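Down below is the structure, laid out as structure tokens.
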Amino acid sequence: MKEDLMDIICCPLDKHDLDLEVDERDDEEVLAGSLVCTECGESYPIEDGIPNLLPPDMREDAPA
Amino acid sequence: MGVLENKSRARTFYKYLSKVYDRVNPFIWNEEMRDEAIAKLDIEPDDHVLDVGCGTGFATEGLLEATEHVYGLDQSAHQLEKAYAKFGKRGPVAFHRGDAERLPFKDDTFDVVWSSGSIEYWPNPVDALEECRRITKPGGRVLIVGPDYPSQSVFQKLADAIMLFYDEDEADRMFEDAGFTDFEHFIQQNRPGSPKAITTIARVPE
């Protein structure tokens, strides 16, 4: 994801701002890292450059 | 409650559907119908457009012809793999994984929010429509394409069992409940006898 996406994305649960924690980036994009809600603390992964902003109950590892 | 009105079931369903989706879909919703709907939105070249439930990227591709600022969101990794194959993960479309009923975007972000072929799988469509309204700028447009409620009773039974279908009256109720006051519906059909699509364009209050 491009870093300027931070201007428009928010926590899907409470709509508060997210903090970007970068683990890996190239010249243009953040490839791996986390998006952490400044209010509730929920952390959303960036996986191969794609932000996974699914609420935690909908992630693959969530119980059905 | 239909069998797909459960998010983990929908995920499983889409895992298999994504294998055939672009081959099945044109019988119901083809490029001509898509482009007719896009034309009604009067998208400007610098408009920012979100495709909610973009899936394999069929509508996304049409939207990219109207503006280069296109964003895609889908819950299904398997559907998105098909979209990545078309556009690349770091190509012209900014992809996200997310839930239509709990959108991860700030208020008043987009000029146009589009969703085609997704509303029938939303457990609470009014919640998702409210979210679409919230993230669209005042004066912006929300366009939703869904399956029109079938007129023959055998298909009605199937429709009731599997997913949400709705007619114009039901669409009126959903959009009003979601806080829209200015909207219109139109019906599209590939050819006589094939399933109909109901398309609603709603304008977000100023």
Side-chain angles (χ1 to χ4, degrees), chain A, chain B residues 6-15 48-50 52-54 68-81 83-84 87-111 113 121-124 127-128 130-131 134-137:
Chain A
M1 59 168 266
K2 292 196 168 56
E3 202 160 333
D4 61 7
L5 204 63
M6 296 304 295
D7 295 340
I8 64 168
I9 59 178
C10 67
C11 177
L13 300 176
D14 58 26
K15 316 303 184 193
H16 281 272
D17 287 348
L18 299 166
D19 277 337
L20 173 63
E21 295 175 1
V22 178
D23 292 333
E24 187 189 350
R25 73 161 83 221
D26 65 14
D27 292 343
E28 293 186 354
E29 308 232 358
V30 177
L31 301 175
S34 307
L35 297 157
V36 181
C37 180
T38 55
E39 179 71 15
C40 70
E42 185 62 50
S43 177
Y44 302 92
I46 302 167
E47 300 157 340
D48 195 17
I50 304 292
N52 183 348
L53 291 158
L54 282 170
D57 59 272
M58 287 178 68
R59 291 181 193 145
E60 268 77 13
D61 53 6
Chain B
N6 168 301
K7 288 177 182 174
S8 77
R9 280 178 180 167
R11 278 204 297 272
T12 307
F13 178 76
Y14 268 118
K15 186 172 164 180
H48 288 241
V49 179
L50 173 67
V52 175
C54 62
E68 57 186 47
H69 308 288
V70 178
Y71 302 76
L73 176 138
D74 206 280
Q75 72 165 49
S76 164
H78 298 275
Q79 291 273 97
L80 282 171
E81 286 297 333
Y84 302 152
F87 307 107
K89 276 188 169 176
R90 287 174 271 291
V93 181
F95 287 109
H96 308 67
R97 293 190 67 197
D99 179 18
E101 293 177 7
R102 292 172 288 180
L103 289 170
F105 300 102
K106 296 177 184 175
D107 294 4
D108 306 342
T109 292
F110 297 100
D111 300 285
V113 172
Y121 308 108
W122 298 345
N124 303 293
D127 291 350
E130 277 181 356
E131 280 286 86
R134 180 183 65 78
I135 65 168
T136 303
K137 293 174 186 171

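No experiment lies behind these values; they were computed from the predicted model shown. Residue numbering restarts at 1 for every chain, and letters A, B, ... go by the order of the sequence lines.
- Only the backbone of A:Asp7 has a heavy atom closer than 4.5 Å to any heavy atom of chain B.
- Using a 4.5 Å cut-off between heavy atoms, A:Ile46 makes no contact with chain B at all.
- Within residues 37-44 of chain A, no residue has a heavy atom under 4.5 Å from a heavy atom of chain B.
- Between the side chain of B:Lys89 and the main chain of A:Met1, no donor-acceptor pair closer than 3.5 Å is present.
- The shortest heavy-atom contact between A:Leu54 and B:Asp99 is CD2-N, 4.0 Å.
- Within a 6.0 Å radius of CD in B:Glu68, no more than 12 heavy atoms belonging to other residues, nucleotides or ligands are found.
- Under the 4.5 Å side-chain criterion, counting only non-hydrogen atoms from C-beta, B:His96 is in contact with A:Ile9.
- The pair A:Asp17-B:Lys106 counts as a salt bridge, with a side-chain nitrogen and a carboxylate oxygen less than 4.0 angstrom apart.
- With contacts defined as side-chain heavy-atom distances shorter than 4.5 Å, the pair B:Phe105/A:Leu53 does not qualify.
- Heavy atoms of A:Leu18 lying under 4.5 Å from chain B are absent altogether.
- Residue B:Arg102 holds its CZ atom at 6.5 Å from CE of A:Met58, rounded to the nearest 0.5 Å.
- Atom CD1 of A:Ile50 sits about 10.0 Å away from atom CZ of B:Arg97, to the nearest 0.5 Å.
- In this structure, A:Leu31 and B:Arg90 have side chains that are in contact, with non-hydrogen atoms separated by less than 4.5 Å.
- Residues A:Cys10 and B:Leu103 share a closest heavy-atom pair of SG-O, 4.5 Å.
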